[in-house]
Colleague: 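Below is the structure I would like to discuss, written out as structure tokens.
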Amino acid sequence: MRRRTNEEVANNDRNNNDGNTKRHDGKRRLKPSRLSSSADKVVLGGLLTVRELMLTVSSNIVVVFIVYILVGNGSWNGPASGGESIDGGLAKFLETSHRRPNKGHPRDPKGMVEPSPPRMVTPVPVKMRKTFYYDGEKISFPVARAFRSRGWQRVDEIQDAHLIYTYKQWEYIGRDLEPYQRFNLIPNADRWNSKWSFVKYQTEWEQLHNKRSVYIPESYMLTDSPEQTDQFEKRLTLGGGAKFPWLLKAGDINQGKGITVLAPNSEELMDVPRLARADVWDDLDMIIQKYVCNEMTWNRRKFDVRIFWFVASLDPLIVLYHDGYVRIGNSDYTESDFSNTQAHLTTHTELGAEGKATFAQFADALQDLMQKKGISSFPAGKKAMDHVRNQMKHSLSEMIQIFKHTAFVPHRSLSTDNSFSLYCADFILDNDLDVWFLEPQYGCGLDEDYYFRLEMHASLFNGMVDVIEEVWEKQEAGRERLLPFKNAGNYEVVYADGIGFYYDGYERNHDKPTCTGGRN
């Protein structure tokens, strides 16, 4: 089967309203109501993504990627010594020697310089400088507003624009641009945007390093992975996994669709390995993920945290973090009843409109819980918000490192010298104030249904435009590295050309309560 284009991915992710998706061969995926039996209705959706890695070979020069993994105190290290090169067609990056961090505040990116030397790009024609084209969609208004506020002029044609922004990142646009133009397209985003593919690459990374990420809930691929299915069955029958609730998830369906909660010790849960081997889900790609118990609630309601991350440059790869907001469910939350999946979702539950809260309100809620639990301080200091934020930044940095050589590399579908894009990611917390990374998101809703979102969008997009402009000016001059940024606004650098943010001193307690009252 052919791999889906980014255009197809964008169509599905941004316009998937009926619970169906298309497979790579064009066949329509089934809604749960069309599955053959009650047991088979447990799951829906999925995506099969084929791993690719392109090595650039020019004459007798082979570009070999060398990646270092940072360990530091929420700060930055230089590249570790003794690094090992990447081998062949698999993007392997190996941990090398650990270095102590440079001194400085863990949230302060100042002084950070990417390892690669300055890069010169094609100059922008004078008449096109600071011009932008956007798709005219309502959801893109906050972006257009930011460019106008920074003195950029809108043009009507793509070929006349220095920068192009479209909410649907059409791949065909990227192929025909001039080298000096910039388009908000990062090719191969489907590598991390599909839940199935995300678990696939995450699992390969964990196997390579012989360790699990503390931020990702325990997950298994059920489609096209007999080994993972066997491991999950062993986890249920011999590893105590049956005493937990689990989530069956479709590979690439968003907005709460394609998720089914399976209760502890239930017949539906114990039957999952058999269904996976029998391939009863037709052409669906599925994962199963352990439910996070002892979850922190917001006035007794389930909530999740959405943050934003900004790829400011693809070459070199520079990624920044920005605070987001809280999304609050619309029904009382309980971990004693798993008969209704919608009661365990935050958004798109069809039970009523979700609530929203600011990060300032979030910080107050975290501090209150910290005091109730009698916690005096964290590795990040005495503010619970810093502790939670550092975990989100660390997990995001870890994700970028995992996908660096498969999803964040120049690609034939993009003819420009560099590119950028803004994404988001969703997290939940447990009552130990430990963060769990649910998934990165390709399409982020930009509704302005609350006044605080107007202010948040101003910070997000004004800062984004400022950074884009600084990247362009520095690369056009070719005289200095991109970092440190002179005006990053409320953004914080979390990944820079192989060096990533690391929350040093943080250790997670793995002896956590189950939803049924026992311990892990």
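Bear in mind that the values here come from a model prediction, so they are computed numbers and not experimental data. Heads up: numbering here begins at 1 and tracks the sequence.
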Colleague: Name the orientation class of the two ring planes belonging to W309 and F408 (parallel below 30°, tilted from 30 to 60°, perpendicular beyond 60°).
Modeller: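 W309 and F408: perpendicular rings.
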Colleague: I'd like to know if the side chain of S395 and the backbone of M392 have a donor-acceptor N/O pair within less than 3.5 Å.
Modeller: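 Looks like yes, one N/O pair under 3.5 Å.
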Colleague: Answer yes if the side chains of E178 and T416 hold a donor-acceptor pair under 3.5 Å, and no otherwise.
Modeller: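 Note: E178 and T416 side chains miss the donor-acceptor criterion.
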Colleague: Angle between ring planes, Y215 versus H394, binned at 30° and 60°: parallel, tilted or perpendicular?
Modeller: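 Ring orientation of Y215 relative to H394: perpendicular.
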Colleague: Per the side-chain contact (heavy atoms from CB on, under 4.5 Å) rule, which among L248, V199, D285 passes with L222?
Modeller: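 Of all the options given, the one that passes is L248.
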Colleague: With rounding to the nearest 0.5 Å, note down the distance linking NZ in K200 to OG1 in T223.
Modeller: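 Reported to 0.5 Å precision, the distance equals 12.5 Å.
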Colleague: Which label fits W205 and H209: parallel for a plane angle under 30°, tilted from 30 to 60°, or perpendicular past 60°?
Modeller: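 W205 vs H209 ring planes: tilted.
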Colleague: Do K356 and Y325 meet the cation-pi criteria used here (NZ or CZ under 6.0 Å from the six-membered ring centre, within 45° of the axis)?
Modeller: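 No cation-pi geometry.
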Colleague: Set out, in order, the CA-CA distance, both residues' side-chain angles and the distance that settles salt bridge (charged side-chain N to carboxylate O under 4.0 Å, His left out) for R389 and D323, then state yes or no.
Modeller: CA-CA 8 Å; R389 183 185 284 114; D323 284 347; 2.8 Å; yes
Colleague: Only one of R182, R129, R119 clears salt bridge (charged side-chain N to carboxylate O under 4.0 Å, His left out) with E476; which?
Modeller: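 The residue from R182, R129, R119 that satisfies salt bridge (charged side-chain N to carboxylate O under 4.0 Å, His left out) with E476 turns out to be R129.
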Colleague: Can you find a pair of side-chain heavy atoms, one from S415 and one from R175, that are under 4.5 Å apart?
Modeller: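 They are not in side-chain contact.
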Colleague: Report the relative orientation of the aromatic rings in Y442 and W192; use parallel for angles under 30°, tilted for 30 to 60°, perpendicular for over 60°.
Modeller: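 Ring orientation of Y442 relative to W192: tilted.
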